[in-house]
Each structure stands twice: as C-alpha cells, then as structure tokens.
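Below, chains carry the letters A, B, ... as their sequence lines are ordered, and counting in each starts from 1. As the structure is a computational prediction, the values presented were derived from the model and not from experiment.
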Amino acid sequence: MTATTATQTPPASLHTPVIGWFDQHARDLPWRRPEAGAWGVMVSEFMLQQTPVNRVLPVYEQWLARWPRPADLAAQPPGEAVRAWGRLGYPRRALRLHGAAQAITERHGGDVPSEHAQLLALPGIGEYTAAAVASFAYRQRHAVLDTNVRRVFARAATGIQYPPNATTAAERKLARALLPDEDEQAARWAAATMELGALVCTAKSEDCTRCPISEQCAWRLAGKPPHQGPPRRGQTYAGTDRQVRGRLLAVLRESVNPVPQSALDAVWEEPVQRARALDGLVADGLVEPLAGGQYRLPLT
DNA sequence: TAGCCGTGGAA
DNA sequence: TTTCCAAGGCT
C-alpha cells in the first residue's frame with residue numbers, strides 16, 4: 001500500500017457541497033437541456049471524446065438539426081457523417097456514430113438503449129460513454145470515470161496530483177464507493193464531479209479557492225505534492241501519419257465530387273508515407289477508392 | 001497493453 | 001516556439 005486510498009471523511013460529506021456547487025456553477029450546455037434527449041446526449045458524448053466543449057458546440061447544433069433522430073443519420077451514407085464531423089478530429093468517431101445509429105435503428109427500434117450493456121455493445125461506446133449516456137440521459141446510477149473525474153478523485157480522495165495512465169481497478173472501486181445511493185443523486189454527482197474537474201480542478205491550473213471540497217482534499221491537505229512516476233508522453237504530431245491522414249481527409253471532406261489521385265498527392269511530398277496514410281484511411285472505411293484512381297468519402 | 005487515431009487553443 | 005492537453009475507444 002503506497003498511496004492512501006481511504007478518504008478521511010465519509011463519501012456522503014462530499015455529495016452535498018459538490019452537487020450544490022454544480023447547481024450554482026454548471027454551464028448551460030445544449031446536451032444538458034431536457035429537450036436534448038438520449039440521442040443528443042449520445043451525440044455530444046461521441047463528439048466530446050478528446051475534443052474540447054467549445055469546438056463541439058457549433059457542430060453539435062448542426063448535427064442535431066440535420067439528424068434529430070438516430071434513424072435520420074442511419075439513412076445517410078457514412079461519408080456524410082464524416083463530412084459533417086468537420087474538423088473535430090479523430091474522424092473514425094463519425095463513422096462509429098453512424099454505425100451506432102444504424103444499430104440503434106435496426107436493433108432498438110430507433111431509440112437509444114438505456115441499458116449499460118446494450119450501450120456498450122454499440123460501436124464507439126466504451127466503458128465511459130456507456131456510463132455517461134445511462135447516467136445523464138436515463139438518470140441511472142453508474143460510476144462515470146472520465147479524465148476529469150479521475151483527476152478530481154485522485155486529488156480529493158487519493159491525495160495525488162494525477163491519476164494513473166490507464167484506469168485501474170482501484171479507481172473503479174473508489175468511484176463506486178463514492179457514488180450516492182439514489183439514482184438521481186448519483187446522476188447529479190457524476191455530472192457535478194465531471195464539471196468540477198473541467199472548470200476548477202483542472203490539469204494544469206487548479207483553483208482551490210473556488211473548490212467546494214478544498215477543505216477535505218487529500219492532495220491539498222498534503223501540501224500538493226507534485227506528480228511522481230513516469231511522465232505522460234504526449235505523442236508528437238508533426239510528420240506523423242496522423243497529420244498526413246488529416247490533410248488527405250480534409251481534401252475529401254471539402255469536395256462534393258470524387259477527387260483525383262493528383263489532388264491527394266499535393267498534400268504531402270513523401271510518397272511512401274502518403275500512400276501508407278491513404279491505405280490506412282481506406283482500411284478504416286473513411287475513404288472509398290474508385291476506378292480510375294479517384295477517391296471519395298464512403299457511400300457505404 | 002501500449003500505441004495509434006486529429007485538431008487547435010492556451011500557457 | 002514548443003508543449004500540453006481536451007467528456008476515449010480500439011486493437
């Protein structure tokens with residue numbers, strides 16, 4: 001036992017201040033409004049996977065206006081989802097969201113399922129997103145462990161600056177132990193802890209003066225010891241296949257008609273890497289090769 | 001399981 | 001300018 005994992009105070013003593021803080025300071029985000037529905041929540045969760053709120057907002061609004069129900073999206077070619085995804089990044093998410101909409105239309109009568117296991121079975125939905133949709137849309141009791149919540153718990157309960165690289169069994173156990181007993185309170189707790197991590201207990205510039213549980217925070221009480229262990233190496237981006245893929249797909253997104261090979265060749269000088277990136281996009285189903293060396297976003 | 005998968009704003 | 005990182009998922 002290296003780091004203390006026990007809270008000095010009972011979990012319930014955290015619920016009231018954190019939920020009360022949320023009631024006062026929560027952002028008015030469109031997917032939190034009742035009219036968003038489960039589909040709106042689900043779309044927002046896909047878009048918010050690794051993409052900041054401010055960049056999601058306009059795309060989310062356009063998406064829901066165009067495809068207000070899962071069946072509306074499912075009826076479109078996947079390439080239309082990729083195009084509408086715009087520059088949110090990680091465009092495979094658009095493909096997965098389209099696939100999830102098809103599965104919902106075919107297997108769930110067009111309604112976003114409410115059971116965690118059924119959500120988890122959909123493409124693009126992992127442990128976090130399944131819990132988030134079930135909690136936010138259907139007000140169920142789930143441990144919702146995203147990067148914000150993990151950081152809040154690491155600090156407040158465990159007393160360390162940053163959570164481990166990958167989510168651990170200990171974190172899941174802690175999150176379950178901290179969960180309020182009642183469904184609705186648990187759903188509020190999930191949203192509130194996430195918001196606290198996003199607005200106050202941030203990765204680089206936490207503001208403990210605005211934190212409703214600063215007096216109970218194990219990390220602050222320990223004098224905010226700096227993170228030990230291995231540094232999280234962020235991948236370099238310039239020069240990677242990811243950058244090449246991004247450039248290639250940008251050309252295809254912006255063209256309604258199929259694009260000739262020459263237009264793709266223009267975005268990257270080195271031919272081997274360029275070909276590898278294009279092959280990868282085709283293999284991922286993000287690009288459809290046509291006869292005559294032309295390419296387009298996928299129709300199927 | 002560690003590495004891969006985009007993008008752009010902030011520090 | 002460079003680095004960090006933002007509501008992850010998949011293999």
**Student:** State yes or no: are the ring centers of Trp85(A) and Trp63(A) separated by less than 6.0 Å?
**Tutor:**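 Yes, the ring centres sit under 6.0 Å apart.
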**Student:** Can you check whether Ser205(A) has a side-chain N or O nearer than 4.0 Å to OP1 or OP2 of dA11(B)?
**Tutor:**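 False: Ser205(A) side-chain N/O out of range (4.0 Å or more) of dA11(B) OP1/OP2.
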**Student:** Please report the distance, rounded to the nearest Å, between CE in Met194(A) and P in dG8(C).
**Tutor:**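 To the nearest whole Å, that distance equals 8 Å.
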**Student:** Rounding to a whole Å, what distance do you find between Leu95(A):CG and dG8(C):C1'?
**Tutor:**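 Going from Leu95(A) (CG) to dG8(C) (C1'), I get 16 Å.
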**Student:** Please state whether the phosphate of dT7(B), meaning OP1 or OP2, lies under 4.0 angstrom from any side-chain nitrogen or oxygen of Tyr90(A).
**Tutor:**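 For Tyr90(A), the contact criterion (side-chain N or O under 4.0 Å from OP1 or OP2 of dT7(B)) is not met.
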**Student:** Rounded to whole angstrom units, what separation is found between the CG atom of Leu199(A) and the P atom of dC5(C)?
**Tutor:**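 So the CG-P distance, Leu199(A) to dC5(C), works out to 18 Å.
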**Student:** Out of dG6(B), dC5(B), dA6(C), which nucleotide sits closest to the side chain of Asp241(A)?
**Tutor:**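 Selected nucleotide: dC5(B).
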**Student:** Taking the P atom in each of dA7(C) and dC4(B), what is the distance between them to the nearest angstrom?
**Tutor:**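 Going atom to atom, P in each nucleotide, I get 23 Å.
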**Student:** Indicate, with a heavy-atom threshold strictly under 4.0 Å, whether Ala132(A) touches base, sugar-phosphate, or nothing.
**Tutor:**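 Nothing, no heavy atom under 4.0 Å.
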**Student:** Hey, is the side chain of Arg253(A) poking within less than 4.0 Å of OP1 or OP2 on dT7(B), counting only N and O atoms?
**Tutor:**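 Yes, because at least one side-chain N or O of Arg253(A) sits under 4.0 Å from OP1 or OP2 of dT7(B).
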**Student:** Need to verify one output field. Residue with the more 5' nearest nucleotide on DNA chain C, Ile125(A) or Phe136(A)?
**Tutor:**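 Whichever sits nearer the 5' end wins; that is Phe136(A).
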**Student:** Does Arg245(A) make a side-chain N or O approach to OP1 or OP2 of dG6(B) shorter than 4.0 Å?
**Tutor:**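 True: Arg245(A) side-chain N/O within range (under 4.0 Å) of dG6(B) OP1/OP2.
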**Student:** In whole angstroms, how far is the P atom of dA6(C) from the CZ atom of Arg150(A)?
**Tutor:**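 Between P of dA6(C) and CZ of Arg150(A): 12 Å.
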**Student:** Applying side-chain contact (heavy atoms from CB on, under 4.5 Å), run through Val287(A) and Arg296(A) and close with a yes or a no.
**Tutor:** CA-CA 6 Å; Val287(A) 172; Arg296(A) 70 182 174 198; over 6 Å; no
**Student:** Please collect all side chain to side chain donor-acceptor pair (under 3.5 Å) contacts where either partner lies in residues 175-204 of chain A, sequence neighbours excluded, each pair once.
**Tutor:**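 Listed once each, the pairs are Arg27(A)-Glu195(A), Arg32(A)-Glu195(A), Arg139(A)-Glu184(A), Glu184(A)-Arg188(A), Gln185(A)-Arg188(A).
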**Student:** Applying a 4.0 Å non-hydrogen cut-off, can you work out what Leu29(A) is touching in the nucleic acid: base, sugar-phosphate, or nothing?
**Tutor:**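 Base contact - Leu29(A) has a heavy atom under 4.0 Å of at least one base atom.
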**Student:** Any heavy-atom pair between the side chains of Leu297(A) and Glu80(A) that's under 4.5 Å?
**Tutor:**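 When only atoms from C-beta onward are counted, Leu297(A) and Glu80(A) do not touch, as no gap falls below 4.5 Å.
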**Student:** Classify Ser44(A) by what it touches in the nucleic acid, base, sugar-phosphate, or nothing, heavy-atom distance under 4.0 Å.
**Tutor:**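 It contacts nothing in the nucleic acid.
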**Student:** dG6(B), dG8(C), dC5(C): which one has an atom nearest the side-chain heavy atoms of Asp146(A)?
**Tutor:**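 Nucleotide nearest to Asp146(A)'s side chain: dG8(C).
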**Student:** Would you classify Trp85(A) as touching base, sugar-phosphate or nothing, given that sugar-phosphate means primed atoms plus P, OP1 and OP2, and contacts are heavy atoms under 4.0 Å?
**Tutor:**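 No contact.
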**Student:** Whole-Å distance between dA7(C) P and Asn54(A) CG?
**Tutor:**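 Checked: the CG to P distance equals 12 Å.
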**Student:** Please round to the nearest 0.5 Å and tell me the distance separating atom CG of Leu95(A) and atom NE2 of His98(A).
**Tutor:**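 The CG atom of Leu95(A) sits 8.0 Å away from the NE2 atom of His98(A).
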**Student:** Cluster question for you: counting only ILVMFWY and a side-chain heavy-atom cut-off of under 4.5 Å, with indirect links fine, are Val18(A) and Val149(A) together?
**Tutor:**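 Yes, one cluster joins them.
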**Student:** By nearest nucleotide on DNA chain C, pick out whichever of Pro123(A) and Glu195(A) is the more 5' one.
**Tutor:**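 Checking each residue's closest nucleotide, the 5'-ward one belongs to Glu195(A).
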**Student:** Between dG6(B) and Thr51(A), counting only base atoms on the nucleotide and side-chain atoms on the residue, is there a donor-acceptor pair under 3.5 Å?
**Tutor:**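 It does, because a donor-acceptor pair links the side chain of Thr51(A) to the base of dG6(B) below 3.5 Å.
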**Student:** Determine the contact category for Leu249(A): base if any of its heavy atoms lies under 4.0 Å from a base atom, sugar-phosphate if only primed atoms, P, OP1 or OP2 are that close, otherwise nothing.
**Tutor:**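 Contact class for Leu249(A): none.
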**Student:** Could you tell me how far apart Leu97(A) (CG) and dA7(C) (C1') are, to the nearest whole angstrom?
**Tutor:**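 Checked: the CG to C1' distance equals 15 Å.
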**Student:** dC10(C) C1' sits how many Å from Arg96(A) CZ, rounded?
**Tutor:**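 One finds 6 Å between C1' of dC10(C) and CZ of Arg96(A), rounded.
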**Student:** It should be established whether Arg87(A) places a side-chain nitrogen or oxygen under 4.0 Å from OP1 or OP2 of nucleotide dG8(B).
**Tutor:**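 So the side chain of Arg87(A) is within the cut-off, an N or O lying under 4.0 Å from OP1 or OP2 of dG8(B).
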**Student:** Between Lys204(A) and Leu286(A), just flag the one whose closest nucleotide in DNA chain B comes earlier from the 5' side.
**Tutor:**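 Nearer the 5' end of the strand: Leu286(A).
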**Student:** Out of dA7(C), dC5(B), dT7(B), which nucleotide sits closest to the side chain of Tyr128(A)?
**Tutor:**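 So the nucleotide nearest the side chain must be dA7(C).
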**Student:** Look at the side chain of Arg55(A) against the base of dT7(B) and say whether a donor-acceptor pair falls under 3.5 Å; ignore hydrogens and angles.
**Tutor:**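 Looking at the base of dT7(B), it does pair with a donor or acceptor on the side chain of Arg55(A) (distance under 3.5 Å).
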**Student:** Using a cut-off of 4.0 Å on non-hydrogen atoms, how would the nucleic acid contact of Gly126(A) be classed: base, sugar-phosphate, or nothing?
**Tutor:**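 Contact class for Gly126(A): sugar-phosphate only.
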**Student:** May I have the distance from Gln161(A) (atom CD) to dC4(C) (atom P), rounded to whole angstrom?
**Tutor:**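 Going from CD in Gln161(A) over to P in dC4(C) covers 13 Å.
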**Student:** How is Phe46(A) classified with respect to the nucleic acid when contacts are heavy atoms under 4.0 Å: base, sugar-phosphate, or nothing?
**Tutor:**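 No contact at all - Phe46(A) keeps every heavy atom at 4.0 Å or more from the nucleic acid.
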**Student:** For dG8(C), take OP1 and OP2 only and decide whether either is under 4.0 Å from a side-chain N or O of Gln50(A).
**Tutor:**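 The answer is yes; a side-chain N or O of Gln50(A) sits under 4.0 Å from OP1 or OP2.
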**Student:** In whole Å, what separates the P atom of dG9(C) from that of dG8(B)?
**Tutor:**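 Comparing P positions in dG9(C) and dG8(B) gives a spacing of 23 Å.
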**Student:** Looking only at the side chain of Thr129(A) (C-beta and beyond, no hydrogens), which of the listed nucleotides dC5(B), dG8(C), dA6(C) gets closest?
**Tutor:**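 Within the option list, the nearest is dG8(C).
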**Student:** Does the distance from a Lys or Arg side-chain N to an Asp or Glu carboxylate O, for Arg245(A) and Asp284(A), drop under 4.0 Å?
**Tutor:**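 A salt bridge is present here (some side-chain N lies under 4.0 Å from a carboxylate O).
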**Student:** Looking across every strand, which nucleic acid part, if any, lies under 4.0 Å from Gln243(A) by heavy atom: base, sugar-phosphate, or nothing?
**Tutor:**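 No contact.
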